Amino acid sequence: MLAGEFGPTRYPVIPGHEFSGEIVAVGADVTGFAEGDAIAADPAIYCGSCHFCALGRGNLCEQWGTIGITVNGACAEYVKVPARNCYRLPETVALAHAPLIEPLSTIVRGFDLVAPKLGDHFLIYGAGTMGLLYLQVAQRAGAASVSVVDLNEDRLAVARKLGADAVATGADALTAAHPRGWEVVTDCTGNIRAIEDGLTRPVRSGTFQQFGCAPDQEEARFSPFRIYNDEIRIVGSMAILHSYGRAVELLGKGFIDSDTMITHRFGLDEYATALAAFQQGSGRKLQIVPDGPLT
């Protein structure tokens with residue numbers, strides 16, 4: 001968004017679409033929620049009447065919107081959210097952990113599309129926030145093994161801590177154990193070189209999932225013949241679809257190691273510092289807290 005590489009963004013906008021908070025006021029017609037409730041919010045905003053909404057594919061809405069990208073978001077003391085998008089937090093979910101629900105919900109959607117089989121072998125490109133969340137879900141989804149590729153050795157160490165079966169700075173180092181490839185290969189980087197390499201790694205009849213958000217004008221090269229000859233399935237995964245509520249429940253059940261995922265918390269007035277830390281590849285999940293850093 002900051003670099004102008006995400007087409008749907010409408011500037012100027014207050015960012016912040018992965019968030020939780022406490023309700024301080026409700027609309028006159030709102031039922032089921034009250035002041036003081038701790039909630040997380042699905043940021044997706046659909047028109048409800050276009051062709052894709054009528055098909056139940058609101059994530060492809062022709063008037064697609066989302067809090068923090070097309071309308072003002074939560075990097076402020078207050079944010080306005082439709083009541084239908086709100087989910088009361090389970091008692092087991094701390095307010096500080098709840099922003100993980102949004103990225104987790106996109107991965108739940110991603111798994112709906114991949115529909116992996118028990119015993120599949122996974123290869124994940126990227127050990128940032130999304131790659132590490134994807135790793136944890138794959139393990140719980142019955143993967144026989146999960147391998148992770150990243151150029152950042154510190155992030156690979158975290159992937160290993162979270163249970164990755166193998167990690168490396170390049171997929172070539174992992175092929176001895178998987179000479180035919182992997183049943184599921186997922187890009188969580190959005191990096192074109194990683195995507196092009198990943199497209200060569202699925203086993204025959206395997207699946208490549210484009211999960212990472214690449215710059216909207218970038219293009220990747222691949223072998224159409226191999227896609228045809230090896231019957232490789234390529235699937236995209238766009239945001240959230242009927243998956244936010246399930247992510248709330250999964251986080252409530254301890255599906256994700258939240259403490260390991262969240263490494264930094266910055267005050268609202270430290271937003272520029274947080275952006276710089278992200279651009280330097282520091283930590284994993286970096287959070288903004290309106291009233292100052294949490295201890």
Side-chain angles (χ1 to χ4, degrees), residues 1 8-10 12-49 53 58-59 61 63-109 129 133 239-259 261-271 274-275 285-295:
M1 290 174 61
T9 307
R10 299 174 193 163
V13 66
I14 297 172
H17 69 280
E18 303 172 7
F19 63 95
S20 61
E22 180 181 299
I23 294 177
V24 296
V26 297
D29 296 327
V30 172
T31 59
F33 295 100
E35 293 181 22
D37 285 348
I39 63 113
D42 179 347
I45 300 173
Y46 310 143
C47 74
S49 58
C53 284
N59 63 324
C61 174
Q63 304 298 321
W64 185 85
T66 188
I67 297 167
I69 294 178
T70 63
V71 298
N72 285 339
C75 287
E77 287 193 68
Y78 302 100
V79 61
K80 183 171 64 174
V81 180
R84 64 180 177 273
N85 291 51
C86 295
Y87 291 79
R88 187 175 286 102
L89 295 180
E91 292 182 359
T92 53
V93 176
L95 200 63
H97 289 167
L100 289 170
I101 293 169
E102 195 279 343
L104 178 58
S105 70
T106 67
I107 291 172
V108 172
R109 167 61 181 161
T129 300
L133 287 174
I240 301 167
L241 185 67
H242 312 313
S243 54
Y244 199 91
R246 285 180 285 162
V248 171
E249 295 185 11
L250 291 175
L251 200 70
K253 292 291 185 181
F255 210 73
I256 297 299
D257 184 343
S258 299
D259 287 324
M261 293 306 304
I262 299 170
T263 58
H264 295 71
R265 293 192 174 101
F266 299 89
L268 188 58
D269 60 351
E270 297 176 298
Y271 196 83
L275 280 173
K285 187 64 176 168
L286 283 63
Q287 292 188 337
I288 303 296
V289 184
D291 55 358
L294 298 180
T295 57

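Note that the coordinates shown come from a computational prediction; the quantities given were computed from them, not determined experimentally. Position 1 is the first residue of the sequence, and the numbers go up from there.
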Nearest 0.5 Å please: distance from the [atom1] atom of [X] over to the [atom2] atom of [Y].
X: Arg246; Y: Leu104; atom1: CZ; atom2: CG; answer: 10.5 Å
X: Cys53; Y: Gln63; atom1: SG; atom2: CD; answer: 9.0 Å
X: Thr106; Y: Ile101; atom1: OG1; atom2: CD1; answer: 12.5 Å
X: His17; Y: Thr70; atom1: NE2; atom2: OG1; answer: 11.0 Å
X: Tyr78; Y: Asn72; atom1: OH; atom2: CG; answer: 15.5 Å
X: Ile69; Y: Ile45; atom1: CD1; atom2: CD1; answer: 10.5 Å

* Asked: Taking only residues two or more places apart in sequence or in another chain, which ones pass ring pair (Phe, Tyr, Trp, His ring centres under 6.0 Å) with Tyr87?
  ->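 For Tyr87 the ring pair (Phe, Tyr, Trp, His ring centres under 6.0 Å) partners, ignoring immediate neighbours, are Tyr244.
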Ignoring hydrogens, what is the shortest heavy-atom contact between [X] and [Y]? Give both atom names and the distance.
X: Gly68; Y: Met1; result: O-CE, 3.3 Å
X: Gly58; Y: Trp64; result: O-CD1, 4.1 Å
X: Cys86; Y: Val81; result: SG-CG1, 3.8 Å
X: Pro90; Y: Val248; result: CD-CG1, 3.7 Å
X: Ile288; Y: Ala274; result: CD1-CB, 3.7 Å
X: Leu268; Y: Cys75; result: CD1-O, 3.3 Å

* **Validation row: Asp259, His97 side chains within 4.5 angstrom (heavy atoms)** =>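 They are in side-chain contact.
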* Minimum side-chain heavy-atom gap Ile67-Pro82 below 4.5 Å ->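 A side-chain contact under 4.5 Å exists here.
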* To do: For Arg109 and Leu241, run side chain to side chain contact (heavy atoms under 4.5 Å, CB included): C-alpha distance rounded to whole Å, both residues' side-chain angles, the deciding distance at 0.1 Å, then the answer.
  => CA-CA 6 Å; Arg109 167 61 181 161; Leu241 185 67; 3.7 Å; yes
Could you pull out every donor-acceptor pair under 3.5 Å between side chains of residues 21-44 and any protein atom, sequence neighbours left out?
from  : atom 1 : to    : atom 2 : distance (Å)
Asp37 : OD2    : Ala34 : N      : 2.9
Asp37 : OD2    : Arg88 : NH2    : 3.0
Asp42 : OD1    : Ala44 : N      : 2.9

* Quick one: list whatever passes side-chain hydrogen bond (donor to acceptor under 3.5 Å, both in side chains) with Asn85, sequence neighbours left out. =>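 Residues passing side-chain hydrogen bond (donor to acceptor under 3.5 Å, both in side chains) with Asn85: none at all.
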* **Intermediate values then yes/no, side chain to side chain contact (heavy atoms under 4.5 Å, CB included), Thr263 and Leu286** => CA-CA 6 Å; Thr263 58; Leu286 283 63; 4.3 Å; yes
* Test item: Ser243 side-chain N/O and Ser105 main-chain N/O as donor-acceptor pair under 3.5 Å ->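 Yes, the answer is positive, given that a donor and an acceptor are paired below the 3.5 Å cut-off.
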